[in-house]
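So the structure is just underneath, and the comments pick up after that.
Please read all numbers here as calculations on a predicted model, not as lab measurements. First the proteins, then the strands, lettered A, B, ... as listed; each starts at 1. Hydrogens, waters and symmetry mates play no part in the numbers below; they use all other heavy atoms, side chains included.
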Protein chains: 2
Amino acid sequence: MSLPHAILTALLEKPSSGLELTRRFDKSIGYFWSATHQQIYRELGKLERAGQIRALPSAQPTRGQKKEYEVLPAGREELTAWVARSEDPKPVRDPLLLRLRAAGVVGSAGLEVELERHLALHQRQLAQYEAIEARDFPPERQSTEQDRLRHLVLRGGIELETFWTKWLTDALTGLRPGT
Amino acid sequence: MSLPHAILTALLEKPSSGLELTRRFDKSIGYFWSATHQQIYRELGKLERAGQIRALPSAQPTRGQKKEYEVLPAGREELTAWVARSEDPKPVRDPLLLRLRAAGVVGSAGLEVELERHLALHQRQLAQYEAIEARDFPPERQSTEQDRLRHLVLRGGIELETFWTKWLTDALTGLRPGT
DNA sequence: AACTGTTTTGCACCTTGTTGCATAATCGCT
DNA sequence: AGCGATTATGCAACAAGGTGCAAAACAGTT
């Protein structure tokens, strides 16, 4: 139940059309909440029907024609409430950990290549995040609360990727010696 | 597409009935792949129809009566292949990071309590994992590959929870000073 | 004006996960 | 034998996410 809130956040940052939203989800927002254009259009429809957003009056209701949305007061209230809402963290659900466990039962043949592939992917992502941090958050210059919050989110991404690279490295060295 | 493989792994470790599987998912397996009894029964049906598992002959096909399953050769082969299969890591999708971003737009009122609650939950989980590690993996005594793999999985859980407690602590101190 | 490609929106369908409830066997108690 | 709690399996309906494809508008080209 987070997609609508992701969309509300994005629209508050800047009113957009469905396609623009899709592109923004592919970039920055997608770093912690991914979504396809299908999900986005569907959700935009729901949010509009719920009176939380509306299409900017300029747009006619025909297909294939750009339609920009903005957030209505009800939508902003909903988002504000959601920020403070009590919601338990979901239990971890990671296929890679599961595969290690499976490897314990049927043998780890071929797993090493896959771990190396993941390691490379995570290292690449980590480098990308660090580049963003160097560009957008140079040391000793965060003033607004929004800046600090955005930086915290990015730090989350960086530390998560750091965790994966470290863990995968450990796994690879732990896997090689014995057979 | 990981649930069937989680079930195959569990059944290879020990043939079980649906309810027993559910209990094992609530405990150890659920630490990295959670599932409800509904999902499990549905998937057991599918796996049986696919010829990857079968009910132990002792059981009659009536409702409400225990039915134990074991893995067939086809199931073991499928699991072996899956361990080495190339499958990209899913992009991160975390509501809490999203909420920080939203807080940057509508203000972080009430967020602190929620972060503290999550911090406490993650600390508790971390302590639990560390207890398991101390009990099951005392230093300098891992011989079999299965032991080493299981330990790696547990280390993954421990380091993930460590990440969360650290990040949440940072977030809380970063949130308090300014408005 | 007809064509081709791109932008933009959207429908239909499928899989996975969740919730609530129904039903059958079993066990202990009296 | 009858009652109630527990064990065990399962159906139905729904919500969320994902894939493939269709279709309308638009823009440029000839």
Could I get the full list of salt bridge (charged side-chain N to carboxylate O under 4.0 Å, His left out) partners for A:Glu112, not counting sequence neighbours? A:Arg176
Are OP1 or OP2 of D:dG10 and a side-chain N or O of B:Lys67 less than 4.0 angstrom apart? yes
Below the 4.0 Å mark, does D:dT9 have OP1 or OP2 next to a side-chain nitrogen or oxygen of B:Tyr41? yes
Rounding to an integer number of Å, can you tell me how far [X] [atom1] sits from [N] [atom2]?
{"X": "B:Lys66", "N": "D:dT9", "atom1": "NZ", "atom2": "P", "result": "8 Å"}
{"X": "A:Asp26", "N": "C:dT8", "atom1": "CG", "atom2": "P", "result": "14 Å"}
{"X": "A:Ile40", "N": "D:dT19", "atom1": "CD1", "atom2": "P", "result": "14 Å"}
{"X": "B:Leu19", "N": "C:dT26", "atom1": "CG", "atom2": "P", "result": "15 Å"}

Sequence neighbours excluded, which residues qualify as side chain to side chain contact (heavy atoms under 4.5 Å, CB included) partners of [X]?
{"X": "B:Lys46", "answer": "B:Glu43, B:Arg49"}
{"X": "A:Ser34", "answer": "B:Pro91, B:Arg93"}
{"X": "A:Arg117", "answer": "A:Glu114, A:Leu121, B:Ser86, B:Asp88"}

Any residue meeting ring pair (Phe, Tyr, Trp, His ring centres under 6.0 Å) with [X], in chain and number order, not counting sequence neighbours:
{"X": "B:Phe25", "value": "none"}
{"X": "A:His118", "value": "none"}
{"X": "B:Trp33", "value": "none"}

Produce a footprint string for nucleotides 12-21 of chain C: one letter per nucleotide, 5' end first; B if the base is under 4.0 Å from any protein heavy atom, S if only the sugar-phosphate is, - if neither. ----SBBBB-
Mind running a 4.0 Å heavy-atom check of residues 77-85 of chain B against DNA chain C and sending the residues that fall below it, in number order? none
A:Glu48 (side chain) donor-acceptor with A:Gly45 (main chain) under 3.5 angstrom: no
